[in-house]
Amino acid sequence: ISMDISVLHQKYDEKARYIKTKETNKQDQTQQTDNDFSEEENDIFDDVFGNLSPSDKASSQSDPVHPMDVQMAVFHCADGFLKQLMVTKLSQCQYALPLLVPDPFTRQIEFPLWTFRQVKKSWKMRNNNEIISQTQPIYKAETPMVFFFRFGSVSSSKSQLMNSLINEKHNTFFHRNCPGSSRTRVLMDGVVEIAWFCPSGTNDDKFTDCVAFCNLHGDAGDHEKQLQILTEMASVNVVLLPQLDRNESIKMIQNLYTNKKPLICLLTEDESTVTEMNNTKLKIGLKERSHSDASEELRRAINDCLPETSFTFRLEDVSKHSDIRVDEEDDDDSRRGREAAQQMMNLQVHFSSLPSLAAEMMISGFPLELMDGDAAHVPVIWISAVLDQLIQKLEDQRVFVLSVLGTQSSGKSTMLNAMFGLQFAVSAGRCTRGAFMQLVRVSDEMKTQMNFDYILVVDTEGLGALELSGRSTRDHDNELATFVVGLANQTLISIFGENPSGMQDILQIVVQVFMRMKKVRLNPSCVFVHQNISDITAREKNMEGRRRLLETLNEMTKLAAKDEGYDAECFSDVIRFDVQNDVKYFAQLWEGSPPMATPNPNYCENIQELKETIETCASKSHGMTLTHLKDRIKDLWDALLKEQFIINFRKSLEISAYRKLETEYSKWSWSLRSAMMETENKLHNQIENETIHEVKETNLQREMKKTSEKVKKSMSEFFEKDTNADILIQWKTSFEIKIKELQENIVRETESKLNQILQQEDLKKKIDAQRTHHENTLIEKSKKLALEFKDKTIDAEILKKQFDLFWKQCVKKIITESPPIKDIDIMRDLKLLLNDIYKSVSVDQRMEKSESKDVFSVPSYSDYVQLKKSSGFTGSGTNIHRSTKKFGYSLSREDEAQIRSLVTDIAQHTDSMIMSFNISKMGYNIRCIQQITDYIKKRVTEHQEGPVKYVFKNEFFRDLVLSICMRANKMITDQHRIFRDANDPAIYVKKKREQYYSIFKKYCHEATSVTIFGEIICQKLKDSIEQSVYKKTARDLADEIRMNCESLNGNRSKLEKYILKTLAEENDFDKYMNYIHNPKDHFKSFIRDEVSRYITDKFSVSVLPKMKENIKLLQQKIMKTESTECVQVNNGNVGLWLKSFTQQLSDELIFSEKDLSGVKHDDDGVDDFSLLQDVIRDKLPDVMSEISLRFNTKAFPKNLDYKFRPDELLIDHFCQCCWVQCPFCKATCTNTIENHDGDHSVPFHRVIGLNGMHYKNTRNLSTSICTSAVASNLSFYPNASDDNVLWQEYRTAGGDYADWSITSDLSELPYWKWFVCRFKKDLEKYYNKTFEGRGKIPDEWKKCSKQDAVESLDQYI
C-alpha cells in the first residue's frame, strides 16, 4: 500500500470517532465549497443534505454533522480497498462494522463482503475444565446471532443497550449519548451494523460462545428488506418499541411471534420485568428501570434463549439473499483483484519472471522475506534479482532503511503496522520468523523535507526466541542483529516493560552490534522503545527508567568491548545517543482483557511522537539508493558468512567508498593538471617569443589559484554530502594533503621544465637565428631579382624559369654554408661509447649474436652478479647461495626485488633526462647518450658499493644501457626528425619554395610593400599556427579520451582492471610477466596503445573536427588582433605595429618580431597599417585552408612533440604515483602520490608464488596469498636467512617489509587463482620451480574459469 507517512497516526485512535465539528459562518462554507470541490463532487452532499424538509434544514443549520454520517460518507466514497482497510481498523478498535448499507441515492442495499475478508476474531470457550481456543476469519465463522431493531420512536437507546451486553466500558455501537452526537443523521437510517462478543474462557464471560450482534438503525418499518434478511438469519430477535399496540408494526411482530425463533420484546413505556409470553417469547419493560438492571435482565434472557434455537449465522451466507448487491460480485476493484489473484494461482510462472512479480508486490505494499527464519539464511541472489527489478520499475530511488529489534512478542510488528499502515503479520502467539522488508512511499509533500523517495521498513523475529533452543541462540541473535542494524539508517529497539535488567543478554547483543557498526564506520541511529508501560505520565518515574537503562547500556558496553577488543567505557562512546530524546515509553496497546480489549488512545499518541522522532532523524539522512541497498545486503551477508564480520564488511564497505573517492580524486587531479597544461603552453610560447625571461613558482601558483579553489570546494562538498561521508571522513585529511602535494609537485615540475627551456634559449637562439637569416635572405634576394624585371613585359613561363635558376643557386649556397643535419643512429653511437669503456669485449659482436638481454624482462639477475671478494664467503652466503647453474649465483628473492627496483628507477630517471634534452628544439648530440651512460654508471656503482654482498658484472651495465637506449631509440629519433625538418636548410627551404615564388611574383607585378609584407607575415605564421593547433587539439583530445575511453575514464585502479582484462584476453605469458615485474612500463604501453587506437578509430568524427574548430578559433583570434590604433596613438612605425601584433598573439603562438627581423620594411613605405591589417585578414583564410589540407591520421602523431602528445599527457596523469611493489606478491601500491608518507597498501594481494616465493629447502612455489598468510601462524624467511619471521609479525623483518600495511583477512581476488592455474607450466619454467608438494594448487582454484576471473575484477575493483 502506498502510504503517506504523515497521516497514519490515527490507525488505532478510537477517539477519532468523537472529534467534534466546528460550525463556520456561511461565507466560509461557501468559500470552501468553491475552492475544494468540483460541481460533480458536490452532488453527494447536495442530494443527501439538500433534500431535507424545512424543519430538517433548520435543525441541520444548528446541529453539527453526525459522526456516523462522516464515517458513512467516507465509506460510500471509498474504493473497495479503502473500505476493507476501514472495516479492518474499525474491527481492531472493537467498533461495529457496516453489514448492510443502503445506497444513499438508489436505496439499493449493498452487502460489503469484501471488506470483511481481512477481519479475524479469536475467542476461548470452556468445555468442562478444558479451554478451547479458536481463531477464524470472521466471514467463515458460524456463531449465534442476535438481531436488534425497533419500531417507531423509542425513549431508550437501542445501541447503548447493546453496548452493555458486549462491553459496558466501550461504545461498540455509536449511540445518541456519545460525545459529538447530534439530533440529526442522514446516512445511517437503514444501515445494519454487526459486532461480535468473543469470550475469554473465564467465569466472567457474559456469553459462553462467540455471539454476533446485528443492529438495524432507524425505524424497522421503513426498512422491510433488511428486516426480512436479518430476522430470517438471526438466532434470537430483539425488538424495541414503545408498547405493544395494534398498529401496522404489530403485523410484523405477529409474524415473528408465530415463528419458532426466540423473540424478545423490549417495551420502553412498560415497567414490567421479564415476562414470558410464550415459549421463547419474552417481554421486558424498560421504563423506570436502571440501565444496568435492564441490560442484566436482557443478557440472562438472551442466554436462556440461545440454547433453545438451532439457528446459526455465517456472514458469508448473507450474499445468498436476492435483491441485494454484493461488492465482490459487482465492484470493479474487487473483481479485478479476484481475477488477478486467480490468474496468479493458475499460471505456471517461469522462474525468470518471479523477481518481477515480487517487485510488483513490494510496490503494491506487500512485505518481502529478507531472511529465511527457518534456515537463518539470506537468499542474496533472489533478493538482488528482486531489487534489480525494483530499480527497473522505480528507477534507482533513494530509501531510508528503518529496522526494528527486540525480544519475542514485544510489539515490534504491531508498532510498525500502527505507524505506517503496514501488513506485517501479528496475532496472539504469532511471531515473525527471520526478517521481512516493506516499502512505504514518501508523499510528495514530505519529499520536500526528506532526501529520499521511500522508507524501507525491516521487521525481524524476536531475539532469544524459544523455538531456537535447539541451536546456538546467541550466535543466531548476533547474526540477525548485526545484519538488520548494518542494513539500517535507524534502528528501533523494542523492550517489553520498563525494567531493562531482564534484557541484559539482548542489550549486550545490541551494544555489541552498534560497536561493530562503529568499527566499520556505519553510523545508524537508535531509539529504545519501552512498550506496555502502565503509567507513562509519571515524569519522575520515566527519568528513573531512563537512568537505569543508561546504566545497563554502559555496563553492557564494557562487557561487549572486551569481546570485540574495543576501547569504550560508556554507550555514548559507541553511538550518538541522547537518553532524553532517544528513549520512548509506550502505553499498553489494549485497554481491558483480550479478546474484547479495545485499543488504548495513548498508544496512538506515543506512536505519533515516535514517528516525529524518526522523521527528524530521516530529514538529516540521505538514506541510500536501491543499488547501494542491494550491495550492502550482499556485503553484510558475505561478511557474516565468513565469520569475520568486522574485517570483511569493513573491507567491502571501504573498498566501495574508497573506489568512489579515487574516482573523484582522479577528476580533481586531472583538473589541476589540465589547468597547468594550459598555463605551461602559454608560458612556453611566451618564452619562445622572448616576452618573459624567468618563471617563478609564485607565478605558477597564482595561475592555478582559481582551479585550486574550485577543486577544494568540490572536495569539501564530496566529503560532507556523499552518502558514505561517515566512512570517507577517515581519508579526508590525507586526501587534502595529497591534493596539496600533487599541486605542489605539478607546479615544481612545470617550473623546472620551463626553466630548462629558458636555459637552452641562448643555444636555441643561434639555431633559430640561422634559420631566420636564411629565410629573410631568400626574401630579400627574390625581391632584388624581381626589381630587375620591373617595368618589363615577361612571359610567365620565362619568369618561372628565371626564379627556378635563382632558387637553385641560392639553395646551393645556403647548403654549402650550412651543412645539412644528418640522420642519427643512436645504437651506433652507443656501441662506440661502450667499446671505449669495454675494450676487451666487442659490443658489436655481442649485439650481432643477440647475446645482450632485455634487462626489463629477465626472470632473474643471478647471471649478472658475483660475490664481493671482501665478503669472506667461499660458498653460500646470507643473501646468495651457489647455484646449480654452471655460471653465476642465485640471488635471494629480496635481492632480486632490490635490483629490479634499481633498474626501474634508473629507467624512470633516464626518461626524464631525455625529455629535458628538448631534442625537438635543440637537436640530438652524442652528448645525450654520454650523459645517460654516465648517469647509469654512477647509479650502478653506488648500488654495488652499498650494503650488498655482490657486485655487478660488466654485462649488467652493458645490457642495462642497451635496454634503456633501445626503448628510447624511437622517441629520440622522432624528436630529432622534428628538429631536422624545422632546421635543415635542404628541407625547410624546399618546403617554402612556393611561398617565396608567390612573393617574387608580387614584387614583379609591382604590388605595394604593404601587400607583400602582409603576405610575408601570413607565410611566417603558418608553421606557428600549425604547431599551436596540434598542441591545443592534443590537450582537448586528452580531455575527451579521459572522459570517453572506458579504460581511461576513471582512476588508476579502474585502468588496472582493464589492463588485467586485456591480459586475460591476450593470453600472453610474457606480457603478464612484464606487467608483474615492470608495472609502470606496462601501464605506459597500454595507455599509448589505447590512445593510438582511439585516435585511429575516432579521427574523422572527433580528432579532425577538433583540429578544424581550433584552427577556426585561432583564425578568429588573429583576425581580431588590432594594432593600428596603438601605432597611431604613439606615432609609431611598422616596428611598433609588429611588436603590438606579435605580443597580442604571444600566449597562443610562437611568433615574435625576431622572425621578421631580417625583412626590410621601414624603407619600403609600409605605413598604411589599416591596409596591412586588411591584407592579413584577406590572406589568412588561404593559409588556414592550406594547413587544414595537411591534417590526417599519420600527420597527427608525427607532427607533435612527444611531451605534448595526448598519450604522454595521460601517462603523466596516471603514472605519477607510487609504484612500490609488495615484497611478497609484487602487487603495486595504489597510493596516487609518489614518495608518499605512510605505509604502502593495496586492496587485494596476489598469490606469492607469482613472485617466485617458495618453501625453504624445496622447489615448491607457494600458493599463499599475503592477506590470508598474515592471518595464519605460518612463518617466512626474509633475505634467505635461517631466521624465520612469523607472517603476523612481518614488519619485524625490516626493510621493505616494514613499509607495508597488509591487513589480515580472507579477501582473495579469484583472478590470480585462475592465472596460476592457466599459466602453471609457464610459471614453473620461468622460476625453475614447481607447484607441487606443499605448493600444490587447491582443486577449488581449478573451478575458476576465465569468465569468473574477469567478472571478479568488476566485482572487487
Do the side chains of Val236 and Phe147 get nearer than 4.5 Å, heavy atoms only? no
Which residue pairs pass the side chain to side chain donor-acceptor pair (under 3.5 Å) test with at least one member in residues 294-304, sequence neighbours excluded? Arg289-Glu297, Glu296-Arg299, Glu296-Arg300
Report yes or no: does Ser182 contribute a side-chain atom to a donor-acceptor pair with the main-chain N or O of Pro64 at less than 3.5 Å? yes
Whether the side chain of Glu110 engages the backbone of Asp103 through a donor-acceptor N/O pair (distance < 3.5 Å, no angle test) should be reported. no
Where is the tightest heavy-atom contact between Ser181 and Pro67, given as atom of each residue plus distance? CA-CD, 4.3 Å
Exercise: identify the closest heavy-atom pair between Thr143 and Cys210: CB-O, 3.3 Å
In the structure I gave you, are the side-chain heavy atoms of Phe173 and Lys158 within less than 4.5 Å of one another anywhere? no
State whether a side-chain donor-acceptor pair under 3.5 Å links Glu168 with Asn163. no
Could you walk me through whether Thr280 and Thr309 pass the side-chain contact (heavy atoms from CB on, under 4.5 Å) check? CA-CA 9 Å; Thr280 68; Thr309 178; over 6 Å; no
Evaluation steps, ring-ring contact (aromatic ring centres under 6.0 Å, His included), between His223 and Phe149: CA-CA 10 Å; His223 307 291; Phe149 56 98; over 10 Å; no
State whether the side chain of Lys206 and the backbone N or O of Ser164 hold a donor-acceptor pair below 3.5 Å, judged by distance alone. yes
Can any side-chain N or O of Asn215 pair as donor or acceptor with the backbone N or O of Glu193 at less than 3.5 Å? no
Determine, step by step, whether Leu286 and Leu267 satisfy the side-chain contact (heavy atoms from CB on, under 4.5 Å) criterion, reporting the C-alpha distance in whole Å, the side-chain angles of both residues, the deciding distance to 0.1 Å, and the verdict. CA-CA 6 Å; Leu286 301 179; Leu267 306 177; over 6 Å; no
All salt bridge (charged side-chain N to carboxylate O under 4.0 Å, His left out) counterparts of Asp323, not counting sequence neighbours: Lys225
Residue pair Leu256 / Thr231, side-chain heavy-atom distance below 4.5 Å: yes
Set of residues satisfying side chain to side chain contact (heavy atoms under 4.5 Å, CB included) with respect to Ser155, sequence neighbours excluded: Thr268, Glu269
Please check if the side chain of Arg126 supplies one atom and the backbone of Gly201 the other of a donor-acceptor pair under 3.5 Å. yes
Taking C-beta and beyond as the side chain, do Val101 and Met72 meet within less than 4.5 Å on heavy atoms? yes
Gln254 backbone acceptor or donor facing Thr258 side chain under 3.5 Å: yes
Of the options Ile194, Leu100, Asn237, which is the one that meets Cys214 in a side-chain contact (heavy atoms from CB on, under 4.5 Å)? Ile194
Determine, stepwise, if the pair Ile284 / Cys265 fulfils side-chain contact (heavy atoms from CB on, under 4.5 Å). CA-CA 6 Å; Ile284 302 174; Cys265 297; over 6 Å; no
Verdict with reasoning, Gln71 to Leu187, per side-chain contact (heavy atoms from CB on, under 4.5 Å): CA-CA 9 Å; Gln71 176 181 307; Leu187 298 177; over 6 Å; no
Could you tell me whether the side chains of Thr598 and Asn167 share a donor-acceptor contact shorter than 3.5 Å? no
Heavy-atom distance under 4.5 Å between the side chains of Phe81 and Trp114, does that happen here? yes
Does the Gln94 side chain pair with the main chain of Ala597, one donor and one acceptor, at a distance under 3.5 Å? yes
For Asn259, does its backbone N or O pair with a side-chain atom of Lys281 as donor and acceptor, under 3.5 Å? yes
Within the distance-only criterion (no hydrogens, no angle test), does the side chain of Thr115 pair as donor or acceptor with the backbone N or O of Pro112 below 3.5 angstrom? yes
Tightest non-hydrogen contact, residues Pro98 and Phe75, listed as CG-CE1, 4.2 Å
Regarding Lys261 and the six-membered ring of Phe311, is the cationic atom NZ or CZ under 6.0 Å from the ring centre and inside 45° of its axis? yes
Check whether Asn600 reaches the backbone of Asn602 with its side chain - one donor and one acceptor, N or O, closer than 3.5 Å. yes
Between the side chains of Thr202 and Ser200, is a donor N or O closer than 3.5 angstrom to an acceptor N or O? yes
State yes or no: are the ring centers of Phe207 and Phe197 separated by less than 6.0 Å? yes
Looking only at non-hydrogen atoms, find the nearest pair between Pro242 and Ser153 and report the distance. CG-O, 3.6 Å
Flag side-chain contact, heavy atom, 4.5 Å: Leu266 against Val238: yes
Quiz question: by atom type and distance under 3.5 Å, do the side chains of Asn171 and His175 form a donor-acceptor pair? yes
Looking only at heavy atoms, what is the nearest atom pair of Trp196 and Ala212, with distance? NE1-CB, 3.5 Å
Distance only, no hydrogens: is a donor on one side chain within 3.5 Å (strictly under) of an acceptor on the other, for Glu612 and Gln608? yes
Parallel, tilted or perpendicular, as decided by the 30° and 60° cut-offs, for the rings of Phe116 and Phe111: tilted
Identify the two heavy atoms, one from Val326 and one from Ser319, that lie closest to each other, and give their separation to 0.1 Å. CG2-CB, 3.7 Å
Does His170 have its ring centroid less than 6.0 Å away from the ring centroid of Tyr95? yes
